[in-house]
A.B. asks: 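Can you read through this structure? Questions will come right after.
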Amino acid sequence: VASEATASPSASAPVASAASVADLNQALAALRAKTAGWHNRTKAEAAGYTVDVGCSDERTEWLSASEARGMGYHTLNPALLDDRVTLMDPELIVYSLDEASGQLKMAAFDYYIPETLYPAPDAPGYPGQPPVLEDVGIPLTYNQAHGGWVLHAWPWMHNPDGMFQNFNRNVPLCECQISPTVNLCTP
């Protein structure tokens with residue numbers, strides 16, 4: 001529920017002050033306003049989100065199904081794939097499967113920079129710090145399974161672990177086979 005999706009401090013996204021929390025919540029409200037129409041997949045496609053990448057969950061991190069949290073189904077806007085990420089222009093929309101209806105519902109955004117455009121921490125050319133989500137200054141984390149830097153924001157679904165956590169226990173696990181060696185799948 002969007003009204004429940006507000007920013008709060010978390011391990012992956014420290015918030016320095018009440019003013020910064022208010023600023024972040026204002027930015028998230030603007031993001032929700034811009035993206036509200038994308039609940040309709042046709043409108044999301046018209047905005048450039050045309051490449052279905054597949055489903056992912058925390059089993060890519062060597063966790064069992066009983067331990068893992070979900071992430072969801074990702075749809076990429078290839079025109080946004082570069083070496084920068086901004087809050088208002090997410091590279092991917094993340095959909096969660098509504099188990100009651102069987103429909104995919106927009107839940108989150110994935111901010112993504114491929115390691116070919118921003119080197120991995122152990123690669124030559126790594127600048128010594130991770131890329132950050134511009135506008136809000138939150139660092140991305142390197143994800144070897146996905147070959148790049150990631151940060152998720154959950155403005156359309158409450159994430160009990162925090163607005164900017166990559167995984168969400170409220171998202172069902174993928175129905176297809178996934179593991180550390182199969183990091184995305186399609187049912």
A.B. asks: If I compare all heavy atoms of M163 with all of P155, which pair ends up nearest, and what's the gap?
C.D. replies: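 Minimum heavy-atom contact is SD-N, 3.8 Å.
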A.B. asks: Between CG of L140 and CZ of F164, what distance do you get to the nearest 0.5 Å?
C.D. replies: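 That separation rounds to 11.0 Å.
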A.B. asks: Would you name the heavy atoms of V136 and L24 that are closest together and state the gap between them?
C.D. replies: CG1-CD1, 3.4 Å
A.B. asks: Start with the C-alpha distance between S96 and W156, add both sets of side-chain angles, then the distance that settles side-chain hydrogen bond (donor to acceptor under 3.5 Å, both in side chains), and finish with yes or no.
C.D. replies: CA-CA 10 Å; S96 174; W156 294 108; over 6 Å; no
A.B. asks: For D98, which residues count as a side chain to side chain donor-acceptor pair (under 3.5 Å) partner, sequence neighbours excluded?
C.D. replies: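 D98: side chain to side chain donor-acceptor pair (under 3.5 Å) contacts with S101.
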A.B. asks: Applying a strict under-4.5 Å side-chain criterion to I, L, V, M, F, W and Y, I'd like to know whether Y73 and L173 cluster together.
C.D. replies: no
A.B. asks: Could you go through the side chain to side chain contact (heavy atoms under 4.5 Å, CB included) check for I138 and L151 one step at a time?
C.D. replies: CA-CA 9 Å; I138 298 171; L151 178 70; 3.8 Å; yes
A.B. asks: Honestly curious: do V53 and M71 fall in one hydrophobic cluster under the side-chain, below-4.5 Å linking rule?
C.D. replies: no
A.B. asks: Quick check for you: to the nearest 0.5 Å, what is the distance between H152 atom NE2 and H74 atom NE2?
C.D. replies: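 If we round to the nearest 0.5 Å, H152:NE2 and H74:NE2 are 3.5 Å apart.
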A.B. asks: Does E134 CD have over 12 foreign heavy atoms under 6.0 Å away?
C.D. replies: yes
A.B. asks: Can D161 and R169 be said to form a side chain to side chain contact (heavy atoms under 4.5 Å, CB included), step by step?
C.D. replies: CA-CA 8 Å; D161 295 324; R169 69 186 75 246; 2.7 Å; yes
A.B. asks: Less than 4.5 Å apart, side chain to side chain, heavy atoms only: is that true for P127 and Y118?
C.D. replies: yes
A.B. asks: Any non-hydrogen side-chain atom of Y111 less than 4.5 Å from a side-chain atom of V150?
C.D. replies: no
A.B. asks: Does N143 reach the side chain of W149, with side-chain heavy atoms less than 4.5 Å apart?
C.D. replies: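 Counting from C-beta outward, N143 and W149 never come under 4.5 Å.
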A.B. asks: Show your reasoning for whether side chain to side chain contact (heavy atoms under 4.5 Å, CB included) applies to H39 and K105.
C.D. replies: CA-CA 7 Å; H39 286 283; K105 299 198 182 253; 5.8 Å; no
A.B. asks: Show the nearest heavy-atom pair for residues W154 and A108, with the distance to one decimal.
C.D. replies: CE3-CB, 3.2 Å
A.B. asks: If I take atom OG1 from residue T86 and atom CG from residue L80, how far apart are they, to the nearest 0.5 angstrom?
C.D. replies: 7.5 Å
A.B. asks: Hey, are T141 and N166 close enough side-chain-wise for a donor-acceptor pair under 3.5 Å?
C.D. replies: yes
A.B. asks: A quick test of your reading: do over 12 heavy atoms of other residues, nucleotides or ligands sit less than 6.0 Å from NZ of K34?
C.D. replies: yes
A.B. asks: Any side-chain to backbone donor/acceptor pair from Y112 onto L92? Under 3.5 Å, distance only.
C.D. replies: no
A.B. asks: Calculate, to the nearest 0.5 Å, the distance between atoms CG and CG belonging to L81 and L117 respectively.
C.D. replies: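 The distance works out to 6.5 Å.
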A.B. asks: Looking at CD of Q103 and CG of L97, how far apart are the two atoms once the value is rounded to the nearest 0.5 Å?
C.D. replies: 8.5 Å
A.B. asks: Which heavy-atom pair separates P139 from P130 by the least distance, and what is that distance?
C.D. replies: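 What the structure gives for the nearest pair is CB-CG, 3.9 Å.
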A.B. asks: Considering all heavy atoms of both residues, which atom of P121 and which atom of Y142 are nearest to each other, and what is their separation?
C.D. replies: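 Closest pair (atom of P121, atom of Y142, distance): CD-CG, 3.6 Å.
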A.B. asks: Are the aromatic rings of Y49 and W38 close, with centres under 6.0 Å apart?
C.D. replies: yes
A.B. asks: Step by step, would you call M157 with N170 a side chain to side chain contact (heavy atoms under 4.5 Å, CB included)?
C.D. replies: CA-CA 8 Å; M157 174 183 270; N170 290 333; 4.1 Å; yes
A.B. asks: Say whether M106 and F167 are linked into one hydrophobic cluster, either directly or through other cluster members, by side-chain heavy-atom distances under 4.5 angstrom.
C.D. replies: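 Shared cluster, no.
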A.B. asks: What about V171 and L104, same hydrophobic cluster or not, with Ile/Leu/Val/Met/Phe/Trp/Tyr joined at side-chain heavy-atom distances under 4.5 Å?
C.D. replies: yes
A.B. asks: Do P131 and D83 make a side-chain contact, defined as non-hydrogen atoms from C-beta onward lying under 4.5 Å apart?
C.D. replies: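 Result no, sub-4.5 Å side-chain heavy-atom pair not found.
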A.B. asks: How long is the straight-line distance from CZ of F109 back to CD of E91, given to the nearest 0.5 Å?
C.D. replies: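 E91 CD to F109 CZ: 11.5 Å, rounded to 0.5 Å.
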A.B. asks: Using every non-hydrogen atom in the two residues, find where A120 and E115 come nearest and quote the distance to one decimal.
C.D. replies: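 Taking every non-hydrogen atom into account, CB-OE1, 4.1 Å.
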